[in-house]
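Notes follow the structure.
Bear in mind that the values here come from a model prediction, so they are computed numbers and not experimental data. Naming convention: chains lettered A, B, ... in sequence-line order (proteins, then strands); numbering from 1 in each chain. Side chains included, hydrogens not; waters and symmetry mates left out as well; all remaining heavy atoms used.
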There are 2 protein chains.
Amino acid sequence: MAETKKTAPSARRREIVEIATGLFLENGFAATSMAAVAEAAGLTKASLYHHFPGKEELFAACVTHGYAAELERLRDIASGDASDAPEKMRAAINALYETIISSQVGRMSPLIAEVSRSFPTVARSFHDDYIGPQHEILCKMIDEGVASGQFADVDRKVFLHLVFGPIVTLSLSREMFATFQDLEEHFPVAHLRDGHVDMLMQALAKPLAV
Amino acid sequence: MAETKKTAPSARRREIVEIATGLFLENGFAATSMAAVAEAAGLTKASLYHHFPGKEELFAACVTHGYAAELERLRDIASGDASDAPEKMRAAINALYETIISSQVGRMSPLIAEVSRSFPTVARSFHDDYIGPQHEILCKMIDEGVASGQFADVDRKVFLHLVFGPIVTLSLSREMFATFQDLEEHFPVAHLRDGHVDMLMQALAKPLAV
DNA sequence: GTCTATAAGTAGATAGAC
DNA sequence: GTCTATCTACTTATAGAC
């Protein structure tokens with residue numbers, strides 16, 4: 001019953017992954033060396049290689065880590081009271097803004113683009129395990145609203161394009177221009193988010209009966 | 001009057017820049033070595049260093065190269081007939097789709113995010129010399145439409161967020177998932193673009209007088 | 001599981017001949 | 001303006017002791 005049996009190993013891995021994620025976000029994939037990760041995590045390089053077979057797998061673990069929590073949150077919102085579909089949709093989009101702009105997983109997008117050229121597997125699992133489910137959840141919310149007569153029957157692909165587009169780009173811009181001192185003035189998250197949500201709700205609004 | 005006087009040097013540079021841009025887009029910044037660029041351009045590394053003092057400057061030249069043409073195109077559209085503001089706006093957004101999705105400059109965004117962490121100067125000039133002017137041109141088009149009573153007086157920052165957001169994200173997604181065989185099915189540019197434009201025109205539409 | 005030591009290779013960049 | 005040859009620093013990854 002030693003603590004080093006089934007719990008401790010994954011805890012250490014988790015710790016390493018969290019530290020590595022921070023470094024990857026700060027410096028990019030290529031510019032983050034295994035040595036730097038090891039040092040930051042208080043190990044030597046060789047020990048790090050004991051936990052992860054290679055840099056690709058370490059990065060993949062960083063991307064995967066956090067999915068569960070983010071998706072869980074969205075599912076919670078989606079499974080809420082169906083009587084006020086617009087309010088539910090607002091809550092979901094606000095949650096997406098928070099996730100994609102602030103969380104480590106959300107900010108990973110440009111990194112994944114960087115890495116996916118060398119390791120297409122990473123992009124594939126990011127798409128299948130994270131993007132896909134997110135889209136599914138939102139689609140179901142729209143279906144529900146349409147069925148109950150609260151939403152117009154919008155084109156799903158276009159709507160998702162309009163939902164995620166501005167959020168992801170805002171995140172990318174903020175990564176890109178992170179060194180700007182007037183970042184918040186250039187990209188005021190709350191203001192842009194509110195305008196964005198208003199537009200989406202207008203697009204979902206059922207046109208008056210003719 | 002030798003041909004190698006004032007025209008040839010810049011022509012050679014231009015050629016190198018175009019080849020380097022392709023490599024950067026294909027492999028990313030860090031994964032593209034100066035040796036690879038030199039080989040692709042038919043030079044040795046040392047000769048490449050004769051043309052560009054370093055990798056940063058080479059990349060900056062790649063980013064800058066192409067601005068002029070893209071901005072010129074947008075300015076052409078913006079300076080056209082003011083009597084049909086909506087049609088002009090449609091044309092401008094269609095042009096942006098083409099530029100950002102297809103052109104080399106447009107597809108550079110995730111790369112710039114990668115590089116900007118190490119070289120903030122690159123991001124700064126990208127913002128000031130490309131993004132800034134683009135926004136200015138679009139804002140003037142809105143001003144014009146508002147002044148002539150064809151557009152509602154929308155929040156400019158929000159509107160730009162809604163214009164560029166979906167386009168840039170679509171470009172990023174297509175870079176990210178470039179290895180997918182069903183890419184066009186997942187991200188059908190023309191379809192998404194048309195739905196996007198419709199939404200934007202609706203947002204700009206002047207509400208009926210009360 | 002963690003360490004020291006090192007392999008094996010590649011990066012950006014430069015010196016100096018032609 | 002282009003070359004050959006080279007330097008230094010750093011990369012991922014491994015071998016083997018403890």
Side-chain angles (χ1 to χ4, degrees), chain A residues 1-21 23-24 26-63 111 114-119 121-122, chain B residues 1-21 23-24 26-63 111 114-119 121-122:
Chain A
M1 290 289 190
E3 278 173 29
T4 341
K5 239 189 171 177
K6 286 280 169 189
T7 54
S10 59
R12 189 86 179 95
R13 251 184 78 109
R14 193 193 157 98
E15 197 186 339
I16 295 170
V17 161
E18 275 165 12
I19 288 167
T21 303
L23 288 177
F24 281 135
E26 201 175 331
N27 310 314
F29 177 79
T32 300
S33 70
M34 293 295 270
V37 173
E39 190 186 5
L43 297 119
T44 55
K45 240 183 338 174
S47 301
L48 178 57
Y49 273 95
H50 173 79
H51 292 279
F52 300 91
K55 197 182 179 182
E56 178 186 354
E57 289 81 1
L58 172 59
F59 182 77
C62 292
V63 174
L111 275 160
E114 179 192 344
V115 172
S116 68
R117 282 177 292 253
S118 315
F119 310 116
T121 335
V122 176
Chain B
M1 289 292 191
E3 278 175 26
T4 341
K5 244 194 166 174
K6 284 280 170 187
T7 54
S10 59
R12 189 87 179 98
R13 252 184 78 109
R14 194 193 155 99
E15 197 186 339
I16 294 171
V17 162
E18 276 165 10
I19 288 168
T21 303
L23 288 176
F24 281 134
E26 202 175 331
N27 310 314
F29 177 78
T32 300
S33 68
M34 293 296 272
V37 173
E39 191 186 4
L43 297 118
T44 55
K45 237 185 339 175
S47 301
L48 178 57
Y49 272 94
H50 173 78
H51 291 282
F52 300 92
K55 197 180 180 183
E56 179 187 354
E57 289 80 4
L58 171 61
F59 182 77
C62 292
V63 175
L111 275 160
E114 179 192 345
V115 171
S116 68
R117 283 178 291 255
S118 316
F119 309 116
T121 335
V122 176

(request) Starting from C1' on dT12(D), measure out to CZ on Phe59(A) and report it in whole angstrom. (result) 17 Å
(request) List the steps and the verdict of side chain to side chain contact (heavy atoms under 4.5 Å, CB included) for Val122(B) and Ser116(B). (result) CA-CA 6 Å; Val122(B) 176; Ser116(B) 68; 5.9 Å; no
(request) Any chance you could lay out the side chain to side chain contact (heavy atoms under 4.5 Å, CB included) test for Glu114(B) and Leu111(B), step after step, and finish with the verdict? (result) CA-CA 5 Å; Glu114(B) 179 192 345; Leu111(B) 275 160; 3.8 Å; yes
(request) Could you tell me the separation between the OH atom of Tyr49(B) and the P atom of dG12(C), rounded to a whole number of Å? (result) 6 Å
(message) Rounded to the nearest 0.5 Å, what separates atom NE2 in His51(A) from atom CG in Leu43(A)?
(response) 5.5 Å
(message) What is the separation between atom CD on Glu57(B) and atom C1' on dG12(C), rounded to the nearest whole Å?
(response) 12 Å
(message) With rounding to the nearest 0.5 angstrom, report the OG1 to CD1 distance, Thr21(A) to Ile16(A).
(response) 11.5 Å
(message) Apply side chain to side chain contact (heavy atoms under 4.5 Å, CB included) to residues Thr121(A) and Glu56(A) and explain how you reach the verdict.
(response) CA-CA 10 Å; Thr121(A) 335; Glu56(A) 178 186 354; 4.0 Å; yes
(request) Please list, by residue number, the residues of residues 27-40 of chain A whose heavy atoms come closer than 4.0 Å to an atom of DNA chain D; answer none if no residue qualifies. (result) Thr32(A), Ser33(A), Met34(A)
(request) Using modelled atom types only, decide if a donor and an acceptor are shared between the side chain of Glu18(A) and the backbone of Glu15(A) within a distance under 3.5 Å. (result) no
(message) What's the separation between atom NZ in Lys55(B) and atom CZ in Phe59(B), rounded to the nearest 0.5 Å?
(response) 9.5 Å
(message) Just the rounded figure in Å: distance from P of dT12(D) to CZ of Phe119(A).
(response) 10 Å
Which atom pairs link the protein and nucleotides 2-6 of chain D when you take only N or O atoms and keep those under 3.5 Å?
from: dT2(D); atom 1: OP1; to: Arg12(B); atom 2: NE; distance (Å): 3.3
from: dT2(D); atom 1: OP2; to: His51(B); atom 2: NE2; distance (Å): 2.5
from: dC3(D); atom 1: OP2; to: Thr44(B); atom 2: N; distance (Å): 2.8
from: dC3(D); atom 1: OP2; to: Thr44(B); atom 2: OG1; distance (Å): 3.2
from: dC3(D); atom 1: OP2; to: Ser47(B); atom 2: OG; distance (Å): 3.1

Report all side-chain donor-acceptor pairs from residues 26-36 of chain A shorter than 3.5 Å, counting only partners two or more places apart or in another chain.
from: Asn27(A); atom 1: ND2; to: Leu23(A); atom 2: O; distance (Å): 3.4
from: Thr32(A); atom 1: OG1; to: Leu23(A); atom 2: O; distance (Å): 3.3
from: Thr32(A); atom 1: OG1; to: Gly28(A); atom 2: O; distance (Å): 2.6
from: Ser33(A); atom 1: OG; to: Ala36(A); atom 2: N; distance (Å): 3.1

